[in-house]
Protein chains: 2
Amino acid sequence: MEKLTIKDIARLVGVSTATVSYYLNKNYSKMSKVTREKIRVVIEETDYRPNSVARNLAKNENKMIGVSVADITNPFTSAVLSGIYDACGSKGYQVVFTNASGSYQREAVNINKLRQEEVSGLIIDPVDPDNPIYKVLSNDTSVMLDRQSDSPKIDTIVTDNFKSVSVFTNKMIKSGYEELFFVSWPLGSISTRVKRYEGFLDATQYANNDHLVTFEDTLETVDLQEKLQTIMHKFPNKKIGFFAMNGRVLIKLLHAMQDLRLSYPEDYGVGAYEDLEWMGVIKPGISCIHQYSYEIGLKSVDNILKKIESGKNTNAKPKLIVMATKMVIRKSY
Amino acid sequence: MEKLTIKDIARLVGVSTATVSYYLNKNYSKMSKVTREKIRVVIEETDYRPNSVARNLAKNENKMIGVSVADITNPFTSAVLSGIYDACGSKGYQVVFTNASGSYQREAVNINKLRQEEVSGLIIDPVDPDNPIYKVLSNDTSVMLDRQSDSPKIDTIVTDNFKSVSVFTNKMIKSGYEELFFVSWPLGSISTRVKRYEGFLDATQYANNDHLVTFEDTLETVDLQEKLQTIMHKFPNKKIGFFAMNGRVLIKLLHAMQDLRLSYPEDYGVGAYEDLEWMGVIKPGISCIHQYSYEIGLKSVDNILKKIESGKNTNAKPKLIVMATKMVIRKSY
DNA sequence: CTGTTAGCGCCTTCAA
DNA sequence: TTGAAGGCGCTAACAG
């Protein structure tokens with residue numbers, strides 16, 4: 001069970017390693033039909049597989065793209081990864097991933113590891129798109145997705161956060177909801193949260209942040225619960241609606257409401273950004289905004305491979321690629 | 001922005017590449033404090049990062065472990081991957097993954113790609129643990145998880161399928177359920193499904209398969225719906241309970257029941273193998289069996305690195321490692 | 001303590 | 001159509 005090298009099979013066939021190398025690289029024009037066939041047979045019989053590490057070193061190109069993921073347990077991420085993998089596979093690239101688990105320090109470490117690994121491209125689902133680490137990245141070999149930087153240095157693929165939420169919120173308004181609230185983890189400068197909130201404001205025309213409910217992403221939901229209760233008490237005779245910034249926020253929201261013995265759509269209306277499996281199953285289905293996560297993965301690979309494989313140092317200015325979403329109307333408001 | 005090599009920094013410092021190499025490998029005993037410090041400074045200033053491809057070739061070891069995943073969109077898989085990543089990271093390994101999307105042909109292709117990549121270890125979440133491709137794998141460098149082969153050739157990490165379901169089912173029986181049904185995709189020879197069903201039979205002591213409900217994993221649920229209706233009609237005066245083989249089966253089950261205008265726990269009782277985020281949120285919470293997926297990921301890396309890093313060709317006989325589960329009792333029966 | 005040098009497995013001009 | 005040989009960036013004896 002010794003590891004075979006190109007030398008071994010060259011010897012077995014009775015040619016030089018160069019010829020075998022040509023064969024491996026499909027440079028068939030450089031050999032006779034006879035040798036070509038002989039090589040084929042030997043490789044097949046010995047089940048020889050060229051060492052791709054050596055190959056990568058020699059060609060100084062690593063057919064590998066690195067992915068830095070903010071949090072792999074996020075369902076959005078799985079779908080994106082799935083798209084990334086499929087697109088890479090069809091182009092002969094492997095994908096190595098790293099997971100920051102929501103920590104931007106870990107994210108920086110991860111990016112460096114990936115760069116050291118000599119990956120030929122980097123796809124980044126950032127914890128913090130303004131992480132200084134990204135300053136050193138070239139737009140020729142990287143692409144971001146989901147969250148965008150204020151001053152993007154590299155191409156970024158996002159969903160249509162602003163418009164989607166604006167349209168969705170307008171639907172709620174038309175359905176008679178009088179007081180709307182945007183529920184989210186602290187906005188900070190995280191673009192997805194901010195843009196969605198801006199879409200919300202665009203539809204509601206609220207002048208201040210009285211209709212923004214934020215809470216920390218911890219196990220406890222008492223804080224949120226109190227805030228919700230206050231709201232519900234404040235407008236006893238109005239139709240109150242909530243928009244959850246994402247699926248996990250929605251879960252917390254529903255949880256808290258349940259503890260308050262409140263049900264949708266009777267006591268309150270609700271919608272969310274993100275369409276998860278269970279949202280269509282639970283009793284009154286959740287109306288929400290569906291984003292095409294798999295396609296985002298596909299698109300990101302497309303973008304990066306185009307850059308890598310074509311021109312060298314285009315150094316083109318960063319593009320913002322906006323992906324459409326889909327309204328999914330069910331019974332939650 | 002030229003790529004620096006070990007030569008460059010050797011020249012910059014004024015030593016030979018060997019010394020620098022020693023430094024990189026923390027062989028500090030082989031140099032004076034002075035040169036050590038000089039090297040440190042230069043590396044820091046130039047932001048030099050050794051090319052790990054070259055390093056791998058020279059040492060003939062690839063600090064990379066490959067993961068073949070059956071279906072990355074499965075939440076179980078995300079959690080496992082998360083564990084794998086964390087464990088690998090702390091040991092200095094990168095992880096490259098492949099996704100079979102449920103196809104065992106693709107799985108075979110993926111495994112081969114991974115082997116070619118010279119990964120030093122292989123973690124396999126198999127579509128089909130009896131895939132012929134696994135015959136050629138060595139137990140010294142691979143480990144399986146979740147699904148097990150009839151005649152395992154390599155270490156396999158599984159959850160305690162049989163016992164968990166048996167215990168869980170017994171709880172349902174003690175709660176007064178008279179007719180219990182096991183709902184699943186076709187069992188085939190997939191160990192997780194079979195073992196869980198056997199646990200079910202162990203508790204219920206049913207002598208035949210009258211209480212097994214299987215259906216195909218397609219978008220339509222009419223088939224399942226009819227079967228459920230038949231059952232519900234057959235035992236009008238009994239307490240009927242269902243156990244879903246996994247989270248996705250449960251979703252279909254709930255969906256079908258909803259279409260039949262039936263609710264749990266009034267009309268029927270229900271439980272499931274797998275504990276997903278939403279199961280604790282929806283109105284009557286779902287009682288279920290929680291498996292420690294993240295820990296399975298951890299464990300698999302632990303297993304494989306121990307084998308890789310210690311002895312060479314132990315070729316020990318394959319072990320079956322069974323991970324405990326946890327009952328989560330909520331309100332669904 | 002430090003440098004020389006021969007590889008690791010494969011690729012790729014350059015000659016033959 | 002084929003082979004010889006140098007090189008990719010780094011490692012690890014072996015000398016000194």
Side-chain angles (χ1 to χ4, degrees), chain A residues 1-40 42-43 46-64 92 94 113 115-120, chain B residues 1-40 42-43 46-64 92 94 113 115-120:
Chain A
M1 262 311 214
E2 282 303 305
K3 268 280 156 63
L4 293 175
T5 75
I6 199 172
K7 263 188 207 156
D8 296 318
I9 89 115
R11 189 168 33 71
L12 255 38
V13 179
V15 295
S16 80
T17 62
T19 308
V20 179
S21 176
Y22 290 144
Y23 177 89
L24 292 176
N25 293 287
K26 304 193 197 306
N27 252 321
Y28 302 133
S29 65
K30 308 204 110 189
M31 73 196 70
S32 67
K33 279 231 161 184
V34 191
T35 45
R36 171 174 170 182
E37 177 61 12
K38 279 203 281 191
I39 295 177
R40 196 191 63 70
V42 172
I43 286 186
T46 57
D47 190 35
Y48 164 74
R49 253 179 289 268
N51 179 324
S52 59
V53 175
R55 166 178 266 169
N56 286 152
L57 179 59
K59 305 182 91 156
N60 200 12
E61 66 155 27
N62 215 340
K63 279 238 169 189
M64 198 145 57
Q94 292 280 19
K113 278 194 198 155
R115 294 211 298 152
Q116 182 159 169
E117 210 62 38
E118 309 285 292
V119 295
S120 42
Chain B
M1 264 308 215
E2 282 305 305
K3 270 280 155 61
L4 293 175
T5 75
I6 198 173
K7 263 186 208 155
D8 296 319
I9 89 115
R11 188 168 35 71
L12 255 39
V13 179
V15 295
S16 79
T17 62
T19 308
V20 178
S21 175
Y22 292 141
Y23 177 89
L24 293 176
N25 292 288
K26 305 194 197 304
N27 250 322
Y28 301 134
S29 66
K30 308 203 107 192
M31 72 197 71
S32 66
K33 279 232 161 185
V34 191
T35 44
R36 172 173 170 185
E37 178 60 13
K38 280 203 280 191
I39 295 178
R40 197 192 62 70
V42 171
I43 287 186
T46 57
D47 191 35
Y48 164 73
R49 253 178 290 267
N51 178 326
S52 58
V53 176
R55 164 177 271 170
N56 286 334
L57 179 59
K59 306 182 91 156
N60 200 11
E61 66 155 26
N62 213 341
K63 281 233 166 192
M64 199 147 55
Q94 292 280 18
K113 277 193 198 156
R115 294 211 296 152
Q116 182 160 169
E117 211 62 39
E118 309 284 293
V119 294
S120 42

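Please read all numbers here as calculations on a predicted model, not as lab measurements. In what follows, every chain begins at residue 1, and chains take the letters A, B, ... in the order their sequences are listed.
Between C/dC10 and A/Tyr48, a contact under 4.0 Å exists linking OP1 or OP2 to a side-chain N or O. The phosphate of C/dT2 (OP1 or OP2) has a side-chain N or O of B/Ser32 nearer than 4.0 angstrom. For D/dT11, one of the phosphate oxygens OP1 or OP2 lies less than 4.0 angstrom from a side-chain nitrogen or oxygen of B/Asn25. Note on A/Thr35: a side-chain N or O is less than 4.0 Å away from OP1 or OP2 of D/dT2.
Regarding A/Asn27, its CG atom lies at a distance of 12 Å from the P atom of D/dT1, rounded to whole Å. Regarding A/Asn56, its CG atom lies at a distance of 11 Å from the C1' atom of D/dC8, rounded to whole Å. If you measure from atom CG of A/Asn51 to atom P of C/dC11, you get 10 Å, rounded to the nearest angstrom. Atom P of nucleotide D/dA12 and atom NZ of B/Lys26 are separated by 14 Å, given to the nearest angstrom. For A/Ile6 and C/dC8, the CD1 to P distance is 14 Å, given to the nearest whole Å. Rounded to whole angstrom, the span from the OH atom of B/Tyr28 across to the P atom of C/dT2 amounts to 14 Å. We find that CG of B/Leu57 is positioned 17 Å from P of D/dG7, with the value rounded to whole Å. Per the geometry, NZ belonging to B/Lys7 stands 11 Å off C1' belonging to D/dG6, to the nearest Å.
Within the 4.5 Å cutoff, no side-chain heavy atoms of B/Thr19 are placed close to those of B/Arg36. Looking at B/Ile6 and B/Pro50, their side chains never come closer than 4.5 Å, going by heavy atoms from C-beta outward.
B/Met31 and B/Thr35 get closest at one heavy-atom pair: CB-OG1, 3.7 Å. The two atoms that bring B/Tyr48 and B/Leu4 nearest to each other are CE1-O, 3.6 Å, heavy atoms only. Taking each heavy atom of A/Lys63 and A/Gly92 in turn, the nearest pair found is CD-O, 3.5 Å. In terms of heavy atoms, A/Glu118 sits closest to A/Asn62 at O-CB, 3.0 Å. Taking all atoms of both residues into account, the shortest heavy-atom contact from B/Ala54 to A/Leu57 is CB-CD1, 3.8 Å. The nearest pair of heavy atoms linking A/Val53 to B/Glu117 is CG2-O, 4.2 Å.
Using a 4.0 Å heavy-atom cutoff across all strands shown, A/Ser52 reaches no nucleic acid atom at all. At a threshold of 4.0 angstrom between heavy atoms, the contacts of A/Lys59 are confined to the sugar-phosphate backbone, with no base atom among them. Within 4.0 Å of A/Ser21, counting heavy atoms only, lies at least one base atom of the nucleic acid.
Taking for each of B/Ala18 and A/Thr19 the nucleotide of DNA chain D with the nearest heavy atom, the 5'-most of the two is the partner of A/Thr19. Nearer to the 5' terminus of DNA chain C, by closest-nucleotide assignment, is the contact made by A/Thr5 (compared with the other of A/Tyr22 and A/Thr5). Heavy-atom nearest nucleotides on DNA chain C were determined for B/Ala54 and for B/Arg36, and the one closer to the 5' end corresponds to B/Arg36.
If you check residues 8-17 of chain B against DNA chain C, the residues with a heavy atom closer than 4.0 Å are B/Gly14, B/Val15, B/Ser16, listed by number.
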